[in-house]
Amino acid sequence: MLLPMAPTDSLFLLGESREHPMHVGGLAVFTPPEGASAADVRAMFDAALIGDQVAAPFRKRARRSVTSLGQWGWDTLPHHEVDLEHHVRRDALPQPGGMAELMTLVSRLHGTLLDRSRPLWEMHLIEGLADGRYAIYTKIHHALADGASAMRLLRDSMSEDPHRRNMPTPWQPRNPLTAVPDAGVAVSGGLGSALPTMAWDAARAAVGEVAGLLPAAVGTVDRALHGKGGAVSLTAPHTLFNVPISGARHVAARSFPLERIRLLAKHADATINDIVLTMCAGTLRAYLHTRDALPDNPLIAMVPVSLRAPNTGAGGNRVGVLMCNLATHLPDPAHRLETVRNCMNEGKAALQAMSPAQVLAMSALGAAPLGVEMFLGRRGPLRPPFNVVISNVAGPRTPLYWNGARLESLYPLSIPTTGQALNITCTSSDDQIVFGLTGCRRTVPDLHPMLDQLDAELDLLETAVGL
C-alpha cells in the first residue's frame, strides 16, 4: 500500500515545473590510479552496469495512488525494474576537452528535468578530458536527497585507502560494515533544503513553545528594523537577480586552496565563512556595478546554518538561516569584511539566545516569502526577502578514492528559483574549497566574470589584512 511521503519531500515535487527543476547536482573529477587511464575507469563502470543490484535509495519512484489519497508517495521498485542504461549515461567532451567544454556540457545537463516515471536520479560518465582525468556528473531530485544526503552518499561509496579495489559504484548496495564513517559532514544546506524543512520542523516543534514564539518574533523583527543580523531582513533591494527565471541553467566553478582562506580568516579574526561571504559580496558588487545595476542599499544574503550538534546523525533540528548584510554599498573590502563579520556574529548570538523551536520558527519566518514564490512559481509584488543564497557544505576532509582513482575536485550545483536567479554554493574537499555558481541562463548569461572577480577579491582581502 502506497503511503504519502513526508511533506518536506512532496513540496519539491509540487513546486517543480519546466522553468524550475528541483534537483541538486555535483560534478566529481577523478585522476586515474598510477598506470591506469580514463578508459580503465570507464571499464570499471561498464562492468558494474552488467549487474542488476541497485541500492534502495536509487530504486525509489515517486507516484500517486488512491491509498495515498492522491498525495505523492515513494514506491520502491524491484531491482530488475530499474533500467540502469537509462540512469547511467555516457558522454564525451569535444576537443580540446578542457574545463570550459566540461562546464558547458554540465550546464545543459543540469537544466533538464528528471523523468518522474522512473527513480529520480541520473549519473553521467564523462570522458574526453585532455589531461586524462575522468568526470562524473550526478543529479538527484531534492525530494529524494538534500545536499547533506548527497554528500554522504558520495563518502559512503569511496575510501581513504588508495589501494582498495572491488568497490561498488554509488548506485550499488554495499555492506554497511565497510562503509566509510561519516566524519562530521556538517551541512549548511542550500535554499531548497532550508525552506520546507524549516517550515515543517518549526510547526512541529512550536506546538510546545507557543508562549515563547511571540517574544522571539518581536525581537527578530526589531533586529531587522534596526539593520542587525538575524533570521529576518526587511531591507533587501531589488536587483537583476530577483526576477522570474527560465529553465535553462549556466554553471561555473572555481577552486581555491583551503589553507589560503584559513590563513586569511585567522589574520582577520574572522571565520572561513566570513571570508567566503566577503569574497562573494565584492564579486556581486563588481558584477552589478559594471552593468550600472548596483543598488544604493546593500545586498542581503540568506546563509543557511547547521543546527545539528557536532557528531550527531540525521536526527534533531537540522537547518536555520541568517540574513547577512553583504555591504555591497561600501567600496573598501576591509570595511565589507568588518560589516559581514559583525552581522554574522550578531545573528549567531541572536540564534544562540533562542530555543531550537524558536530558531526554526524565526528562520521559517525569514524565508517564508520566497517559499510562497517557489510554490506559486512566480515573483510576488513585494521586495525580495533577500537577494542571493550563499551556502557552505562541508565535504570530505581527507583524500578519497574510488578503486584507486583519486577525487581531485568536487563541484556543487544547486537550484535557482523564481526571484532568485543565482545560487552560490561552496564545498570543501580535502585541501580545496570550491565556489559553485548556478544561475538562470537567461538572467545571468555569463558567470565567468564572477569567477575572475572572486580571484581579485581574495587578493584584495589578503592585502587589506597585510598578507
Side-chain angles (χ1 to χ4, degrees), residues 24-31 99 102-103 106 133 135 147-148 150-152 154-155 158 160 183-191 193 251-284 301-306 322 324 326 333 336-337 340-341 344 388-400 406-414 422-439 447-448 450-462 464-465 467:
V24 294
L27 173 65
V29 180
F30 292 88
T31 295
M99 288 302 297
L102 179 59
M103 287 300 179
V106 172
R133 295 185 297 170
M151 190 67 70
R152 195 167 292 113
L154 171 70
R155 277 194 57 88
M158 304 179 73
E160 296 178 1
V185 179
V187 174
S188 301
L191 171 65
S193 306
V251 301
R254 183 67 56 87
S255 299
F256 296 91
L258 185 57
E259 184 58 32
R260 185 180 175 188
I261 293 182
R262 185 181 288 117
L263 181 63
L264 174 57
K266 179 180 178 180
H267 278 261
D269 191 25
T271 67
I272 289 177
N273 208 41
D274 293 339
I275 302 301
V276 166
L277 289 167
T278 307
M279 289 172 63
C280 294
T283 297
L284 294 171
M302 189 193 88
V303 185
V305 293
S306 174
L322 289 177
C324 181
L326 294 180
R336 287 198 295 271
L337 174 57
V340 166
R341 180 181 56 203
M344 291 299 291
V388 64
V389 179
I390 304 175
S391 59
N392 200 343
V393 181
R397 300 172 184 173
T398 56
L400 291 182
R406 174 170 172 155
L407 176 66
E408 293 292 346
S409 301
L410 180 61
Y411 302 101
L413 288 78
S414 193
L422 176 67
N423 180 290
I424 302 176
T425 300
C426 296
T427 299
S428 59
S429 176
D430 189 9
D431 58 354
Q432 297 183 75
I433 184 168
V434 176
F435 287 68
L437 282 59
T438 310
L447 295 172
H448 294 99
M450 292 192 192
L451 298 182
D452 294 336
Q453 191 63 37
L454 284 169
D455 273 315
E457 292 300 321
L458 182 53
D459 289 341
L460 290 171
L461 286 170
E462 288 174 332
V465 301
L467 286 177

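One distance of note links CE of M344 with OG1 of T278; it measures 10.0 Å at 0.5 Å rounding. Annotation: the span from R254 atom CZ to M99 atom CE amounts to 10.0 Å, rounded to 0.5 Å. Distance check, rounded to the nearest 0.5 Å: CZ of F256 to CD of Q432 gives 11.0 Å. The distance from the CG atom of L437 to the SG atom of C280 is 7.5 Å, given to the nearest 0.5 Å. In this structure, CG on L410 lies 5.5 Å from OG1 on T427, to the nearest 0.5 angstrom. Interatomic distance, SG of C426 versus CD1 of I275, reported as 12.5 Å (0.5 Å rounding).
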Stepwise side-chain contact (heavy atoms from CB on, under 4.5 Å) test for R262 and I272 = CA-CA 6 Å; R262 185 181 288 117; I272 289 177; 4.3 Å; yes
Carefully, step by step, assess L447 and L422 under the rule side-chain contact (heavy atoms from CB on, under 4.5 Å).
-> CA-CA 10 Å; L447 295 172; L422 176 67; 4.0 Å; yes
Start with the C-alpha gap between L277 and R341, add the side-chain angles, then the distance that decides, and say whether side-chain contact (heavy atoms from CB on, under 4.5 Å) holds.
-> CA-CA 9 Å; L277 289 167; R341 180 181 56 203; over 6 Å; no
Could you give me the CA-CA distance, side-chain angles and deciding distance for E408 and T31, then say whether side chain to side chain donor-acceptor pair (under 3.5 Å) is met?
-> CA-CA 7 Å; E408 293 292 346; T31 295; 3.1 Å; yes
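No side-chain heavy atom of V393 sits under 4.5 Å from any side-chain heavy atom of P412. Within the 4.5 Å cutoff, the side chain of L458 has heavy atoms near those of the R260 side chain. Two residues are said to be in side-chain contact when any heavy atoms from C-beta on lie closer than 4.5 Å; F435 and M450 fail this criterion. Under the 4.5 Å side-chain criterion, counting only non-hydrogen atoms from C-beta, L400 is in contact with E160. Side-chain atoms of M103 and V251, non-hydrogen and from C-beta on, do get closer than 4.5 Å to each other. Looking only at side-chain heavy atoms (C-beta outward), N423 and L413 stay at 4.5 Å or farther from each other. Contact annotation: the side chain of T425 never approaches that of V24 to less than 4.5 Å [non-hydrogen atoms, C-beta and beyond]. Counting heavy atoms from C-beta outward, V465 and L264 have side chains that approach closer than 4.5 Å.
Contact record, Q453 with G282: CG-O, 4.2 Å, taken as the closest heavy-atom pair. L454 and T283 make their closest contact through CD2-OG1, 3.3 Å (heavy atoms, listed as atom of the first residue, atom of the second, distance). The two atoms that bring T438 and S414 nearest to each other are OG1-N, 3.1 Å, heavy atoms only. The minimum heavy-atom distance between E457 and M279, with the atom names listed, is CG-O, 3.7 Å. Heavy-atom minimum distance, A270 versus L337: CB-CD1, 4.5 Å. Nearest heavy atoms, I261 versus I433: CD1-CG2, 3.5 Å.
Using a distance-only test at 3.5 Å, with no hydrogens or angles considered, a donor-acceptor pair links the side chain of D274 to the main chain of T271. Of the possible donor and acceptor atoms, none in the side chain of S409 sits under 3.5 Å from a partner among the backbone N and O of V29.
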